[in-house]
Amino acid sequence: MNSINTQSAAEASSPSEIKITKVSVADYEWKRERPITNGLHTYETSDMSIVKIETDAGITGYGVGRPRPGERQFRDQFLQTLVGKDPTMTEAIWASLWSPKMSGRRGYETRALSSIDIALWDVKAKLAGMPLYRMLGGFRKKIPIYIAGGYYVSGKGHKELQEEMTSYVELGAKAVKMKVGAVPIKEDIERVKAVRQAIGPDVSLLLDANCAYRYYDAIQFIKRAEEYEPFWFEEAVQPDDYEGFAKIAAATSVPLATGENEYTKHGFRDLIATQAIAILNPDARYMGGITEFMKVAAMAQAHGLDIAPHGDQQAHLHLLAAIPNARLLEFYPQKVNAMASGIYLHAPKLNPDGTVDVPEVPGAGLDPNEEVLAPHRIA
Ligand SMILES: [Mg+2]
């Protein structure tokens, strides 16, 4: 009897009675202070979408995505299927939305699903009254960060590049990232040399080509860059050029990083199988949400690989704090990017030792700062 009673009590207070009552999305866009150029592209604006999932438990979850037209269309369509569903059934909802034959295996449909999945995990952690990182695994309370910059800007010489990268180190960063791949190899090697000279030997220097190279150019570049001791070489070639990655990895001692354009556990399974990549850069907003990110992190751990997510610092803070194989968080302090650190209510500050503390608030830490975002709303 006792066990039956216990079971009934558990059922009576079970989250299974919770239902999604309302879903909505807000889209935002703002101009960058100045356009930025990497190995392949120039960006003049930044954008984000906030997915809001309300429940009859009085708890609201927030997810983050992008307002690209294809993604918006899928997100609207997916969200309509959620009202009345139990928000804690994250695997079931993921499975119901990820439908290769109906919507597709990767791309915008998976991005749309990702933003929704993130909001569901926010609901779940808030229901549990726990910061998400503790609920997902709870491995650390401080995360080492890197600051990414070193973009190409017309009129920006070595001196300006050096000043920029040094300013990140002065803020506390123990790792900094610069772009390569947009100019001839010889010129990029001079840029890398200048930055290494400026930041000194003890700061990790990350190089990101944003897929600009063919594999043979990438090999020529990284062989010559080796003497400046890069910590990683990111997106040397296009995301599907697995053979290219393997050839580059065979030619250099510099660890390769990639993954910001990879999708789902299936894509990362194939990427890991190349045995060419040391550090994976999944973006939970794109590759399948928190549900999928945690699976990829576990798969990476089993292969001795590290995780250093791409993009949105707030979306990834709790995820890195939850896993043993976290390497670095891409992070922009207030002084470097006021919007990146201002769009969420519980944004951490950069510590002088180059780490950030994970905020001890229930949920995924994605509650938006409406005041900061309101002037940038586009839909
Ligand atoms: Mg990158």
Side-chain angles (χ1 to χ4, degrees), residues 32 35-48 64 66 68 106-107 111 114 143-153 161 164-165 168 173 175-183 188 191-192 195 204-215 217-218 221-222 225 230-242 244-245 248-249 252 254-263 267-268 271 274 276-287 293 296 300 305-317 319-320 326-332 336-337 340:
R32 292 175 182 270
I36 55 167
T37 300
N38 63 30
L40 274 189
H41 305 284
T42 297
Y43 303 100
E44 294 186 350
T45 58
S46 288
D47 58 40
M48 76 182 305
V64 55
R66 308 290 293 272
R68 306 284 162 82
R106 297 179 183 190
R111 290 181 178 219
S114 302
I143 313 283
I145 66 96
Y146 75 86
I147 299 176
Y151 287 91
Y152 298 95
V153 179
L161 177 63
E164 178 199 353
M165 303 308 279
Y168 302 152
V176 294
K177 187 163 92 179
M178 64 181 286
K179 300 298 179 182
V180 297
V183 296
D188 264 337
R191 291 173 67 247
V192 172
V195 170
S204 297
L205 176 57
L206 287 49
L207 307 177
D208 186 1
N210 294 92
C211 317
Y213 291 119
R214 306 286 283 170
Y215 82 87
D217 292 323
F221 165 76
I222 199 63
F231 178 69
W232 83 42
F233 184 24
E234 178 178 331
E235 275 201 320
V237 291
Q238 291 286 346
D240 292 305
D241 190 5
Y242 292 159
F245 280 120
I248 301 161
T252 181
V254 177
L256 301 190
T258 195
E260 68 183 72
N261 290 302
E262 195 53 82
Y263 290 88
F268 279 91
L271 188 57
T274 65
I277 310 302
I279 296 133
L280 298 171
N281 310 134
D283 190 325
R285 298 170 302 162
Y286 303 164
M287 48 75 70
F293 185 100
V296 166
L305 308 179
D306 285 342
I307 300 287
H310 163 264
D312 201 304
Q313 56 209 45
Q314 200 74 20
H316 294 113
L317 188 62
L319 309 187
L320 284 192
R327 191 76 212 205
L328 282 171
L329 176 71
E330 181 171 3
F331 183 84
Y332 300 92
V336 178
N337 185 335

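Ligands are counted one by one from 1 in listed order, and the atoms in each one are counted from 1 as well.
For F245, the ring-ring contact (aromatic ring centres under 6.0 Å, His included) test picks out no residue, with sequence neighbours left out. Remark: Y146 engages W232 in a ring-ring contact (aromatic ring centres under 6.0 Å, His included) (not counting sequence neighbours). Looking at residues two or more places apart in sequence or on another chain, you find a ring-ring contact (aromatic ring centres under 6.0 Å, His included) between F221 and Y213, F233.
The two atoms that bring V176 and A173 nearest to each other are CG1-CB, 4.3 Å, heavy atoms only.
Put simply, the side chain of Y152 gets close to the backbone of G181: a donor and an acceptor are under 3.5 Å apart.
In summary, R68 and D47 engage in a salt bridge, as defined by a charged side-chain N under 4.0 Å from a carboxylate O.
Listed by chain and number, the protein N, O or S atoms at a distance under 2.8 Å from the Mg ion (ligand 1) are D208 OD2, E234 OE2, E260 OE1.
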